[in-house]
Amino acid sequence: MTAASGTITTRLLLFASYAELAGREEVMATLPAPARVSDLLAWARSSLPGGGSLPERPLVAVNRRHVREDSPLSDGDEVALLPPMAGG
C-alpha cells in the first residue's frame, strides 16, 4: 500500500476474448486500499472498453494462484482474468 495515498496498484492481465474486448492485454489499476478482487472487477467493468461485457464471475488468479472474488489484494499484485477454457 502506498502510505501517503492509501492506494494499491495492481497489474491486470487480460487474456483471449477479454483482451479483445478491452483492446489491450494488460493495464495498471490503482484502487483505494484495502481492496479485494471484487473491487478490481468493478473497476475493470466501469473503466475498460468492453468491461461491461465481462462475465459476472470470471476466473481470477492473483500471482498465479486461483482465488475467489473476496480475496484481498496487495500493492504490486499481478491479477489475471482468465476466460473459460474449452477441453478436448
Side-chain angles (χ1 to χ4, degrees):
M1 178 170 82
T2 306
S5 63
T7 62
I8 65 162
T9 300
T10 63
R11 180 177 172 214
L12 178 60
L13 304 177
L14 304 162
F15 293 93
S17 59
Y18 300 158
E20 290 174 19
L21 283 171
R24 63 183 89 174
E25 295 180 350
E26 79 175 62
V27 62
M28 300 303 287
T30 300
L31 304 169
R36 299 194 173 281
V37 169
S38 58
D39 299 319
L40 179 60
L41 291 173
W43 176 88
R45 287 186 180 101
S46 67
S47 300
L48 295 178
S53 297
L54 290 172
E56 184 178 331
R57 296 192 170 199
L59 296 172
V60 179
V62 175
N63 301 323
R64 299 183 182 199
R65 300 187 96 180
H66 287 269
V67 298
R68 298 180 346 175
E69 288 186 34
D70 62 352
S71 297
L73 293 172
S74 297
D75 192 52
D77 279 347
E78 179 182 83
V79 181
L81 294 187
L82 307 165
M85 302 291 178

Could you tell me whether E78 atom CD has more than 12 heavy atoms of other residues or ligands within 6.0 Å of it?
yes
Please report the C-alpha distance between L54 and L48 in whole Å, then the side-chain angles of each, then the deciding distance to 0.1 Å, and finally whether the side-chain contact (heavy atoms from CB on, under 4.5 Å) criterion is met.
CA-CA 10 Å; L54 290 172; L48 295 178; 5.6 Å; no
Check whether any side-chain heavy atom of [X] sits under 4.5 Å from a side-chain heavy atom of [Y], and report yes or no.
| X | Y | value |
| --- | --- | --- |
| L82 | Y18 | no |
| L40 | V60 | no |
| L13 | V79 | no |
| T10 | W43 | no |

Tell me the closest heavy-atom pair linking P58 and R45, and the distance in Å.
CD-NH2, 3.8 Å
Roughly how far, to the nearest 0.5 Å, is [atom2] of [Y] from [atom1] of [X]?
| X | Y | atom1 | atom2 | value |
| --- | --- | --- | --- | --- |
| H66 | L59 | NE2 | CG | 6.5 Å |
| L81 | E26 | CG | CD | 12.5 Å |
| R57 | S38 | CZ | OG | 10.5 Å |
| L31 | R36 | CG | CZ | 13.0 Å |
| I8 | D77 | CD1 | CG | 6.5 Å |

Hey, does the side chain of R24 reach the backbone of L14 with a donor-acceptor pair shorter than 3.5 angstrom?
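No; zero donor-acceptor contacts below 3.5 Å.
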Applying side chain to side chain donor-acceptor pair (under 3.5 Å), name anything that partners T30, two or more places apart in sequence or on another chain.
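For T30, the residues satisfying side chain to side chain donor-acceptor pair (under 3.5 Å) (neighbours in sequence not counted) are T9.
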Apply side chain to side chain donor-acceptor pair (under 3.5 Å) to D39 and list each qualifying residue two or more places apart in sequence or on a separate chain.
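Once residues adjacent in sequence are excluded, D39 has no partner under the side chain to side chain donor-acceptor pair (under 3.5 Å) criterion.
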